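See below for the structure under consideration.
Just so we're clear, the structure is a prediction, and the values are computed from it rather than from any experiment. When reading the values below, keep in mind they use all heavy atoms of this one structure, side chains included, and skip hydrogens, waters and symmetry mates. First listed ligand is number 1; within each ligand, the first listed atom is number 1.
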Amino acid sequence: MRRLFIAGNWKMNLKLDSAIALAKGLKEAAADVSEVDIAVCPPSLYVQPVGTVLAGSNIGLGAQNGYFEKAGAFTGELEMAMLTDVGCKYVILGHSERRHILGESSEDVNLKVHAALQAGLIPIVCVGEKLNERDNGVTNLVNQRQFDGSFSAVSAEDMKKCVIAYEPVWAIGTGKVATPEQAEEVHAFLRDLVAKRYGQDVADVVRIQYGGSVKADNAKELLSKPDIDGALVGGASLKVDAFMGIINAVR
Ligand code: PEP
């Protein structure tokens with residue numbers, strides 16, 4: 001049985017005061033949630049102060065990115081071990097904004113997945129097709145390429161620790177949500193890829209989140225699908241009520 005996992009991706013939003021206030025509000029509001037795993041991924045600079053607020057709570061801490069190299073001359077980057085050092089449990093890798101705005105390839109994502117696992121982080125690895133790719137009938141092909149590239153040479157034991165986030169690019173921050181059927185079709189396809197490569201026992205434990213304009217009013221229907229194990233939430237993770245609305249809808 002896979003536990004639902006709701007993670008908030010705060011992206012490049014909030015300032016220190018509002019990040020702390022959001023963390024305090026969530027800590028209080030989610031105190032009695034035990035049925036669902038929860039995490040928030042603040043901007044890197046705010047990971048540590050937010051982690052201090054969340055200490056002892058049921059909300060896990062994540063980063064939005066990390067670098068694959070070990071400590072050294074890599075100006076502007078953060079080593080994965082630095083993320084664990086300040087309390088991170090998760091790291092989002094291969095978000096579509098990093099793939100399509102910042103030019104990250106699946107090969108880059110793969111190096112980061114290995115580095116994250118080595119540092120003891122749980123990678124939340126995003127895959128997803130653009131609208132023109134869906135329109136051209138290559139949704140599965142795109143997701144398979146990103147899956148294969150991002151998880152290359154990851155062992156079965158490590159794969160069990162990873163989280164996949166299916167995030168159709170056309171649904172991120174657009175208010176256009178995939179229908180539960182559209183999302184489930186890709187989730188089932190991804191789970192099948194895991195099963196073909198690693199066996200059904202691994203596929204049965206890997207959690208696959210959906211991301212793309214998830215809100216309190218669409219979360220329950222999406223997450224009631226058999227292969228949708230949670231949500232990666234952008235916009236609606238920036239307010240206590242909106243994020244708690246999603247969590248409470250699926251508990
Ligand atoms: C995301 O950033 O991963 C995301 C899904 O954003 P939103 O919920 O705003 O569409």
Side-chain angles (χ1 to χ4, degrees), residues 4-14 18-19 22 26 36-44 46-47 50 59-66 88 90-102 104 106 109 112-113 116 122-131 133-134 139 142-143 146-147 150 162-180 182-184 186-187 190 207-223 225 227-250:
L4 292 181
F5 177 28
I6 310 292
N9 173 12
W10 294 358
K11 308 195 187 188
M12 196 175 74
N13 290 303
L14 306 170
S18 48
L22 178 55
L26 288 173
V36 178
D37 289 341
I38 307 171
V40 294
C41 304
S44 310
Y46 303 155
V47 162
V50 165
I59 303 176
L61 189 65
Q64 299 173 19
N65 186 31
C88 283
Y90 305 97
V91 61
I92 299 173
L93 296 175
H95 190 280
S96 64
E97 287 148 19
R98 296 208 60 84
R99 288 181 190 267
H100 302 304
I101 302 174
L102 293 148
E104 246 178 50
S106 290
V109 177
K112 293 179 176 196
V113 168
I122 297 175
I124 301 174
V125 181
C126 306
V127 298
E129 79 288 354
K130 295 193 221 163
L131 186 57
E133 293 165 335
R134 175 164 282 267
T139 295
V142 170
N143 284 296
Q146 291 182 3
F147 170 86
S150 304
C162 294
V163 175
I164 303 172
Y166 168 56
E167 298 208 308
V169 181
W170 49 271
I172 297 181
T174 59
K176 276 187 213 155
V177 62
T179 65
Q182 281 175 321
E184 171 60 20
V186 179
H187 280 239
L190 288 166
R207 292 188 290 186
I208 309 179
Q209 296 176 315
Y210 168 79
S213 299
V214 175
K215 308 263 180 310
D217 61 5
N218 58 29
K220 191 171 180 181
E221 217 193 330
L222 281 159
L223 272 62
K225 291 293 180 191
D227 291 296
I228 305 184
D229 309 314
L232 183 55
V233 184
S237 70
L238 296 172
K239 295 233 156 67
V240 174
D241 288 353
F243 195 52
M244 285 310 301
I246 293 170
I247 292 164
N248 287 325
V250 303

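- Between E104 and R98, at least one side-chain nitrogen of the basic residue sits less than 4.0 Å from a carboxylate oxygen of the acidic one, meeting the salt-bridge criterion.
- Every N/O-N/O distance between G211 and ligand 1 stays at or above 3.5 Å.
- Distance alone, capped at 3.5 Å, is enough to place a donor-acceptor pair between the T179 side chain and the Q182 backbone.
- When all heavy atoms of I92 and C41 are compared, the closest pair comes out as CD1-SG, 3.7 Å.
- Selection from G8, G173, G234 by nearest heavy atom to atom 10 (O) of ligand 1 gives G173.
- Ligand 1 places these atoms under 4.0 Å from at least one heavy atom of A171: 10 (O).
- Listed by number with element, the atoms of ligand 1 under 4.0 angstrom from any heavy atom of K11 are 1 (C), 2 (O), 6 (O).
- Between the side chains of E167 and H95, at least one donor N or O sits under 3.5 Å from an acceptor N or O.
- For the ligand labelled ligand 1, residue A236 lies outside the 4.0 Å heavy-atom shell.
- Applying the side-chain contact (heavy atoms from CB on, under 4.5 Å) rule to A63 yields the partners L83, C88, V91; only residues at least two apart in sequence or on another chain are considered.
- Listed for the Q209 side chain is a donor-acceptor partner under 3.5 Å among the backbone atoms of F5.
- Of the heavy atoms in N9, only side-chain atoms (C-beta onward) come closer than 4.0 Å to ligand 1.
- Distance check: R207 CZ to I122 CD1 gives 7.0 Å after rounding to the nearest 0.5 Å.
- Residue G235 approaches ligand 1 through these ligand atoms, each under 4.0 Å from one of its heavy atoms: 7 (P), 8 (O), 9 (O).
- Proximity to G212 (heavy-atom distance under 4.0 Å) selects the following atoms of ligand 1: 5 (C), 10 (O).
- For the ligand labelled ligand 1, residue A165 lies outside the 4.0 Å heavy-atom shell.
- The protein heavy atom nearest to atom 3 (O) of ligand 1 is E167 OE2, 2.6 Å.
- At least one N/O-N/O distance between H95 and ligand 1 falls below 3.5 Å.
- Between the side chain of Y210 and the main chain of E184, no donor-acceptor pair closer than 3.5 Å is present.
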